There are 2 protein chains.
Amino acid sequence: MAEREVDRSVSQTVKAQLALRDQILSGSLRPGERISELQAVETTGASRTPVRMALVRLEEEGLLEAIPSGGFMVKAFSERDISDSIELRGTLEGLAARFAAERGVSARELEPLKECLAAIDELLRQVPISIEAFSSYVALNARFHALLTELSRSPPLIRQIDRASALPFASPSGFVMAQSALPEAQQILIIGQEHHRVVIDAIENREGARAEAVMREHARLAVRNLRLALRNRTHLDLLPALALIKTTTD
Amino acid sequence: MAEREVDRSVSQTVKAQLALRDQILSGSLRPGERISELQAVETTGASRTPVRMALVRLEEEGLLEAIPSGGFMVKAFSERDISDSIELRGTLEGLAARFAAERGVSARELEPLKECLAAIDELLRQVPISIEAFSSYVALNARFHALLTELSRSPPLIRQIDRASALPFASPSGFVMAQSALPEAQQILIIGQEHHRVVIDAIENREGARAEAVMREHARLAVRNLRLALRNRTHLDLLPALALIKTTTD
DNA sequence: TCCTTCGTTATTGTATACATAACGCATACA
DNA sequence: TGTATGCGTTATGTATACAATAACGAAGGA
């Protein structure tokens, strides 16, 4: 069959996985909806085998749920699920910060973190922050969290944090974007930046408990703000992950 | 093709997954060794498609690692990886205990936990503990931890704890078995039981911080004892997961 | 003697055909 | 009219054929 257009730059499995994730997060596939393999084959352009592999991976990732009688459906999340996921990630990042502090980190390793910090400081100097600056902030914040996670030098922990961030609303970018809908967005970003500053200081001074505590507080702040943000959903259209939230909160 | 003997009671994918996990944990497949799909097909009796699905699931589970050029290899773990995994699980269970305490748990929900506690008390009354009693202990302890996790009523957290327990040495049963090699085994079990008692008390009295703290201490104790146990490996032959530990600690 | 290149082989990635189980609809009987 | 049973359709689970790529080895030239 030569009529199928094949992109050989990435594997069909990866292509299918990305395409399906996109469909889920964009809301083309609604929560609770069963995913038809045949339909997925048509929309992704891959054949059934890679599509099935992608479905298995997305299930492990937490975006899909296996149906006992066979097949997969898009998972639905309650507001509580979301806030728990954020707090969960905060707890893991707290452990990462503690590991970093207790195990010691060289000045050279801390350098990229400090650069991130300075770059964010620079952005926050504008009042009010522009849209472009905000999207830079989202990227820098994600980078800061990723670097911090790496500092733990614990592959099992890093792996688990990555898993916890797989759900888009639990990723650093996800909840930052949600919070941006709030009128107090700028102040929130400034407080978050203060947390970043404290965790670096704590790691530098080898204060494990303090490093851990501030990361957990960081997450708790995010949870509170997300709750507020979800109250006035009108501003949240930009958040693709919203498609996954159950309309009826339990 | 009717010559292949097929067991229709479970799906071929599940069968292959169980068979491969067995091979990994029993040490038939050594850490770092590449898993040949063809060989896996022969040993599991399933065909390539379900074998590949099983391999993907085992990778997500953390027992396998994808090789960039294709295929999978058995993952190898350092001693540090193992102790980190235990502490990680302790941290998550701490969060679960805190959620349970803060969100409130009815007396009826706490009942199974207390039954578990009483059953373990009964077992520990024998000095020294018999082999049969010990294996009962392993089962009861696993049940206690599972019930406690459930009490959090947080599906994302429960999911993550399950993931963290996938590695056999990080599961409740795994490290209890490791500790059993120590001469102080009985005392260790008694201290662990005290932790169980405290966490129930803390949840009952809605003391979230205390419930969390004791579960983390529970894990830290396990880490210390596992380190000791790994010193005299001669007694550890019973622990299948040992096959996954790198011989050269980094 | 070592490095490079080409060819062969083995193993993975992909596609599709076939088998089987589930779901829905229609019809018949109570 | 409602329920139950059976058949047909559809979708998933499984097996295998085919394609492509990476690894290994041999041979030739520098």
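Heavy-atom basis, side chains included; hydrogens, waters and symmetry copies ignored. Keep in mind that what you see is a predicted model, and the values were worked out from it rather than measured.
Residues meeting the ring pair (Phe, Tyr, Trp, His ring centres under 6.0 Å) test with A/Phe99, sequence neighbours left out: none. The salt bridge (Lys or Arg N to Asp or Glu O under 4.0 Å) search around A/Glu111 returns none, not counting sequence neighbours. Qualifying salt bridge (Lys or Arg N to Asp or Glu O under 4.0 Å) partners for A/Glu61, counting only residues two or more places apart in sequence or in other chains: A/Arg21.
Counting heavy atoms from C-beta outward, B/Pro155 and A/Arg80 have side chains that stay 4.5 Å or more apart. Side-chain contact between B/Gln17 and B/Leu58 is present, with heavy atoms from C-beta onward closer than 4.5 Å.
Atoms CG (B/Leu55) and C1' (C/dT14) sit 16 Å apart, rounded to a whole Å. For A/Met53 and D/dG13, the CE to P distance is 15 Å, given to the nearest whole Å. Atom CD1 in A/Ile67 sits roughly 18 Å away from atom P in C/dA21 (whole-Å rounding). Put simply, NZ on A/Lys15 is 13 Å from C1' on C/dA15, counting in whole angstrom units. Put simply, CD on A/Gln17 is 14 Å from P on C/dG13, counting in whole angstrom units.
Among pairs with a residue in residues 155-167 of chain B, those fulfilling side-chain hydrogen bond (donor to acceptor under 3.5 Å, both in side chains) read A/Glu60-B/Arg163, at least two apart in sequence or across chains.
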Please write out the pairs of protein N or O atoms and N or O atoms of nucleotides 6-12 of chain C separated by less than 3.5 Å, giving the distance to one decimal.
from, atom 1, to, atom 2, distance (Å)
C/dT12, OP1, B/Ile35, O, 3.4
C/dT12, OP2, B/Glu37, N, 3.4

Mind listing the N/O atom pairs, protein and nucleotides 6-10 of chain D, below 3.5 Å?
none

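Checking the phosphate oxygens (OP1, OP2) of C/dT14, no side-chain nitrogen or oxygen of A/Thr49 falls inside 4.0 Å. Residue A/Thr13 places at least one side-chain N or O closer than 4.0 Å to OP1 or OP2 of C/dT14.
Looking only at distances, a side-chain donor or acceptor of A/Ser136 sits under 3.5 Å from a matching main-chain atom of A/Glu132.
Using cut-offs of 30° and 60° on the angle between ring planes, the pair A/His145 and A/His218 is parallel.
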